[in-house]
Each structure stands twice: as structure tokens, then as C-alpha cells.
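Let me begin by presenting the structure, written as C-alpha cells, before commenting on it.
Numbering of residues begins at 1 and proceeds along the displayed sequence. The structure presented is a predicted model; accordingly, all values stated were derived computationally and were not measured.
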Amino acid sequence: EGMREMKVLGISGSMRKKGNTAELVGAILGRCEEGGVKTEFISLAGRKILPCLGCEKCKEKKWCIIENDDWDDVMQKVMKCDVLVIGSPTYYYDVCGQLKNFIDRTYSLYHDRKLSGKKGVAVAVHANKGAVRTIQTIEAFLSTHEFASLGCVKGTGYHEGDVLKDEKAMKRAQKIGDKIVRLLKPSHD
């Protein structure tokens, strides 16, 4: 009684609002919803996420000092979630710039280990290669902030919706969704 509801937040770092990264993150969230776990999805497409300035002013403020963009709003939601499912398309064997900006700014939360103890899932999509390093970058972000890893999903897709045809990726997304449900709803029948 009185326990707040556990929540899963999905973030797609892609600049394509309904691209393959959004689809793959969404597949995990969909499975969570089916299991009765509350989820929320955020796309970084069309949002203004400025790069970290390396100014170190966050050491005093314990939050990023840049205020004229959308990083703050998204980060507030990350702070409230229990499980973060975070994904990126693969650009030059790594995460896309938009997600990298988002990640770099979380340095401001590192001083107080503000994200410690959450759970994380790394998601990456590539056209044919490079997703391994994209996953490594996302997992480096998660482990630095002391998230417990619940695994990762790599998908293949180039044209919109292609990843839905990647059976291995979709199966893995469902498996991870099930794992999250078991974790957040241990008594669910």
C-alpha cells in the first residue's frame, strides 16, 4: 500500500521520430505494458539538446547549468523512472550526436551519483554493422552512473520499419520486456 508505481522510461535518441530505433525501444515497452507495467516513451527527435560545455559549473549546482533547451525536461523523467530503455541508431560505428549530447550532459548528475541504483537496457540499430560499439557507448554511460544492466538489444534496419522484420531482435526485445515485468511485478500472476 502507498507504494509508488514502478515505471519504465524508453528514450529513442534518433532524429527520426518513427524510425527503427523508436520501433525497437517501443517493442520492449509494449511487452512491459502487456505485463501490466507502466511505461513512457520519449523521442529526442526535434528536441533541442545542446552539447556539454565542459564548464564544470555543475559541480556546484549538481545539475546542468544550460537552461535554454530540452535536456532538463527529459532528464527529470529519467530521474523518476526505475528502468531506462535507451536506444540509438548507429552513425559511424557509434551513437548519434543527439544522444551523445544528451549523455554528455548527465555528467552534471554524476557528482552526487544521482542515477545510481536504477536499471538500464541498451538498444542499438545498424544498417549492417557497427551496433556493437553503439551498445558499448550506451553501456558505458549506464555503468558509469551505476545502473544495473538488464541486457541489450541490437537490431538491423535501414528503411523505416525494417527492424520489425529482424526476428532475432524482436524476440530479444520481448525477452527483455518479460525480464523487466518479472523484476517490477514480482507477484504478477
Side-chain angles (χ1 to χ4, degrees), residues 1-47 49 70-89 95-96 98-99 102-103 105-106 109 114-125 131 134-135 137-139 141-143 145-155 157 160-189:
E1 287 280 3
M3 280 282 286
R4 61 175 199 86
E5 199 164 7
M6 306 290 262
K7 202 164 99 182
V8 181
L9 175 68
I11 294 180
S12 168
S14 171
M15 290 304 248
R16 296 182 186 174
K17 203 160 200 153
K18 293 185 167 72
N20 289 305
T21 303
E23 291 283 10
L24 194 49
V25 169
I28 298 172
L29 300 189
R31 194 69 169 197
C32 292
E33 287 280 347
E34 283 166 24
V37 171
K38 199 167 157 29
T39 71
E40 185 174 353
F41 174 78
I42 294 175
S43 164
L44 297 187
R47 290 183 190 250
I49 311 279
D70 299 315
W71 181 85
D72 199 297
D73 281 352
V74 179
M75 212 56 223
Q76 295 286 0
K77 289 179 189 275
V78 173
M79 296 288 291
K80 290 190 187 98
C81 79
D82 300 286
V83 179
L84 177 65
V85 178
I86 181 164
S88 178
V95 297
C96 65
Q98 181 80 332
L99 190 65
F102 181 79
I103 286 173
R105 299 263 299 278
T106 67
L109 310 181
K114 278 190 173 137
L115 297 173
S116 178
K118 295 180 185 295
K119 313 244 177 335
V121 176
V123 175
V125 176
T134 304
I135 291 286
T137 296
I138 298 171
E139 286 187 335
F141 152 71
L142 293 171
S143 68
H145 285 289
E146 296 166 11
F147 277 74
S149 172
L150 297 179
C152 65
V153 186
K154 291 188 286 282
E160 212 165 274
D162 273 357
V163 79
L164 299 170
K165 295 173 239 162
D166 180 346
E167 283 173 34
K168 203 174 151 193
M170 296 314 285
K171 207 169 267 176
R172 182 127 175 87
Q174 292 190 341
K175 219 172 177 169
I176 286 188
D178 290 341
K179 191 178 187 177
I180 294 168
V181 171
R182 281 198 304 275
L183 202 80
L184 299 189
K185 292 212 145 191
S187 60
H188 106 282
D189 33 305

What donor-acceptor contacts under 3.5 angstrom involve side-chain atoms of residues 29-36, with partners at least two apart or in another chain?
from	atom 1	to	atom 2	distance (Å)
R31	NE	D178	OD1	2.8
R31	NH1	Q174	OE1	3.4
R31	NH2	D178	OD2	3.2
E33	OE2	T39	N	3.1
E33	OE2	T39	OG1	2.6

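With sequence neighbours excluded, the residues that form a side-chain contact (heavy atoms from CB on, under 4.5 Å) with S116 are R113, E146. For D166, there are no side-chain hydrogen bond (donor to acceptor under 3.5 Å, both in side chains) partners at least two apart in sequence or on another chain. Not counting sequence neighbours, the partners of A148 by the side-chain contact (heavy atoms from CB on, under 4.5 Å) test are K119. In terms of the side-chain hydrogen bond (donor to acceptor under 3.5 Å, both in side chains) criterion, residue partners of D162 (sequence neighbours excluded) are, by chain and number, K165. Residues satisfying the salt bridge (charged side-chain N to carboxylate O under 4.0 Å, His left out) criterion with K7, sequence neighbours excluded, are E40. Here C96 pairs with S88, P89, Y91, Q98, L99 under the side-chain contact (heavy atoms from CB on, under 4.5 Å) rule; sequence neighbours left out. Annotation: side-chain hydrogen bond (donor to acceptor under 3.5 Å, both in side chains) contacts of S12 (sequence neighbours excluded): none. Judged as a side-chain hydrogen bond (donor to acceptor under 3.5 Å, both in side chains), and not counting sequence neighbours, the contacts of T137 are D94. A search for side-chain contact (heavy atoms from CB on, under 4.5 Å) contacts involving A131 returns T90, A124, H126, K154, not counting sequence neighbours.
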Test side chain to side chain contact (heavy atoms under 4.5 Å, CB included) applied to M75 and F102, step by step: CA-CA 9 Å; M75 212 56 223; F102 181 79; 3.6 Å; yes
As a quick check of understanding, evaluate side chain to side chain contact (heavy atoms under 4.5 Å, CB included) for D82 and K118, giving each step before the final call. CA-CA 5 Å; D82 300 286; K118 295 180 185 295; over 6 Å; no
Go through the steps to decide whether F141 and I86 satisfy the test side chain to side chain contact (heavy atoms under 4.5 Å, CB included), and finish with yes or no. CA-CA 10 Å; F141 152 71; I86 181 164; 4.0 Å; yes
List the steps and the verdict of side chain to side chain contact (heavy atoms under 4.5 Å, CB included) for V121 and L84. CA-CA 6 Å; V121 176; L84 177 65; over 6 Å; no
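Across L24 and A169, no two heavy atoms sit closer than the pair CD1-O, 4.1 Å. Closest non-hydrogen pair, F147 versus G120, comes out as CD2-N, 3.7 Å. Residues C81 and L9 share a closest heavy-atom pair of CB-CB, 3.7 Å. The shortest non-hydrogen separation linking E139 to A122 is CG-CB, 3.8 Å. In terms of heavy-atom proximity, L44 sits nearest to G13 at CD1-CA, 3.9 Å.
From I138, atom CD1 reaches atom OG of S143 across 12.0 Å, with rounding to the nearest 0.5 Å. Residue I180 holds its CD1 atom at 11.5 Å from CE of M6, rounded to the nearest 0.5 Å.
Listed for the W71 side chain is no donor-acceptor partner under 3.5 Å among the backbone atoms of R105.
Counting heavy atoms from C-beta outward, K38 and V8 have side chains that stay 4.5 Å or more apart. A 4.5 Å side-chain heavy-atom check between M170 and V153 finds every atom pair outside the cut-off.
Considering V123, V85, V74 in turn, V74 is the only one that fulfils the side chain to side chain contact (heavy atoms under 4.5 Å, CB included) rule with I11.
By the 6.0 Å contact criterion, CD on Q76 is enclosed, its count of non-hydrogen atoms from other residues, nucleotides or ligands being greater than 12. Crowding of R16 atom CZ: a count of heavy atoms from other residues, nucleotides or ligands under 6.0 Å not exceeding 12. Around NZ of K114, the count of heavy atoms belonging to other residues, nucleotides or ligands within 6.0 Å exceeds 12.
The stretch residues 17-29 participates, sequence neighbours left out, in no side-chain hydrogen bond (donor to acceptor under 3.5 Å, both in side chains) pair at all.
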